Amino acid sequence: MSAEKFPYLLKAGAELSKHRIAETELPWRKYRTPYRIFLAEMLLVRTRTDIVANHFEKIASKYPTIEALALADESELREVLRPLGLSKRFPYLIKAARYICDNHNGEIPADFESLLKVPGIGKYTATAILIFAYGQKLVPADVNVLRFVSRFTGLEMGHVTKGSRELWNLLPLLSEANVGLSAENLLDFTRLICRARKPKCNACPLSAHCSYFKHVLS
Ligand code: SF4
């Protein structure tokens with residue numbers, strides 16, 4: 001997959017960096033520590049961003065450190081997570097916190113391989129922690145970002161991993177294009193503008209070169 005074949009994807013990042021997409025700051029972005037990023041990303045697995053945002057500070061103040069989370073009373077944590085629809089996920093949170101305390105001295109790991117060994121952490125969550133907690137230059141390839149690249153380039157989305165091999169291969173291009181494009185802005189854009197249902201194409205700064213806009217909407 002080459003930059004020549006998808007020149008506008010390279011420009012998309014630079015264009016997006018001129019637009020601030022989200023109007024309000026999400027709570028875990030206002031005051032950022034590796035633990036708060038870890039907690040947010042664990043809560044965001046299969047849960048809408050706005051729902052996590054509404055409950056995040058309450059959860060973070062009840063469990064302000066990884067040690068506090070590791071020592072959480074299970075039934076209490078289940079109740080705390082109930083408003084997020086996550087009451088069944090509490091064992092993962094506790095297991096992950098205990099694993100990090102036992103194996104990493106309570107420090108959230110800063111490398112991909114170590115993060116993947118933490119119970120409940122998959123590839124996307126590991127990537128997001130490396131980007132948002134440690135500033136690593138990676139592309140947060142969640143389903144929204146893959147859907148955007150699929151629409152923009154006209155490549156099939158695929159089914160097995162929610163993205164075809166071609167889409168995954170294109171992601172580094174998006175990152176190369178990134179002069180000042182923040183991963184957060186990309187996530188906000190794909191969540192709020194190039195959203196799953198009824199994308200806001202008329203308000204989209206990338207519509208001039210978007211395959212979906214040209215071929216599907218016209
Ligand atoms: Fe997404 Fe529409 Fe923008 Fe294309 S024009 S990137 S489909 S919002």
Side-chain angles (χ1 to χ4, degrees), residues 1-30 37 40-41 43-54 122-132 135-218:
M1 202 64 58
S2 67
E4 292 76 41
K5 200 168 170 199
F6 293 100
Y8 294 120
L9 191 63
L10 278 165
K11 292 179 184 161
E15 186 58 37
L16 274 183
S17 69
K18 297 178 197 159
H19 303 264
R20 180 170 152 71
I21 306 297
E23 287 163 8
T24 53
E25 202 66 285
L26 296 167
W28 51 91
R29 294 181 185 170
K30 283 185 199 161
I37 296 295
E41 293 301 333
L43 296 173
L44 284 164
V45 176
R46 294 195 212 105
T47 313
R48 283 203 343 245
T49 303
D50 56 327
I51 297 176
V52 176
N54 286 341
K123 285 183 187 169
Y124 175 76
T125 304
T127 305
I129 289 171
L130 292 176
I131 296 170
F132 300 122
Q136 295 195 18
K137 284 208 174 292
L138 301 165
V139 177
D142 70 357
V143 69
N144 291 345
V145 171
L146 289 169
R147 184 188 58 241
F148 153 64
V149 178
S150 166
R151 283 173 173 167
F152 191 79
T153 59
L155 287 172
E156 283 297 320
M157 182 72 174
H159 301 291
V160 180
T161 56
K162 300 199 176 106
S164 63
R165 185 183 296 272
E166 286 87 355
L167 285 190
W168 281 99
N169 288 342
L170 274 181
L171 289 172
L173 280 189
L174 198 57
S175 169
E176 266 176 47
N178 166 354
V179 189
L181 166 69
S182 80
E184 284 168 359
N185 213 34
L186 179 63
L187 288 178
D188 293 339
F189 169 74
T190 57
R191 180 170 59 89
L192 300 170
I193 305 285
C194 196
R195 56 194 185 183
R197 286 192 196 167
K198 298 185 183 171
K200 295 182 178 173
C201 298
N202 290 330
C204 175
L206 308 181
S207 60
H209 300 298
C210 173
S211 177
Y212 180 89
F213 188 72
K214 272 191 260 179
H215 302 298
V216 181
L217 293 187
S218 58

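Just so you know, these numbers come straight off a predicted model, no measurement behind them. In listed order, ligands and their atoms are each counted from 1.
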For Phe148, counting its heavy atoms only, list the atoms of ligand 1 lying under 4.0 Å from any of them. 6 (S)

Thr49 versus Leu44: any side-chain heavy-atom pair under 4.5 Å? yes

Between His209 and Phe152, is any pair of side-chain heavy atoms under 4.5 Å apart? yes

More than 12 heavy atoms of other residues, nucleotides or ligands under 6.0 Å from CZ of Arg48: is that the case? no

Under a 4.0 angstrom heavy-atom cut-off, which atoms of ligand 1 come close to Tyr212? 7 (S)

Are any N, O or S atoms from Cys210 nearer to atom 4 (Fe) of ligand 1 than 2.8 Å? yes

Taking atom CG of Leu138 and atom CZ of Phe132, what is their separation to the nearest 0.5 Å? 10.0 Å

Per-atom contacts, ligand 1 versus Arg151 - under 4.0 Å to a heavy atom: 7 (S)

Suppose we only count N/O/S atoms under 2.8 Å; would Cys204 qualify as near atom 3 (Fe) of ligand 1? yes

Could you tell me the separation between the CZ atom of Phe148 and the CG atom of Leu187, rounded to the nearest 0.5 Å? 12.0 Å

For Ser207, the atoms of ligand 1 under 4.0 Å from one of its heavy atoms are 5 (S)

Interfacing atoms of ligand 1 (cut-off 4.0 Å, heavy-atom, Phe213): 5 (S)

Once you round to the nearest 0.5 Å, how far does SG of Cys194 lie from CG of Asn144? 8.5 Å

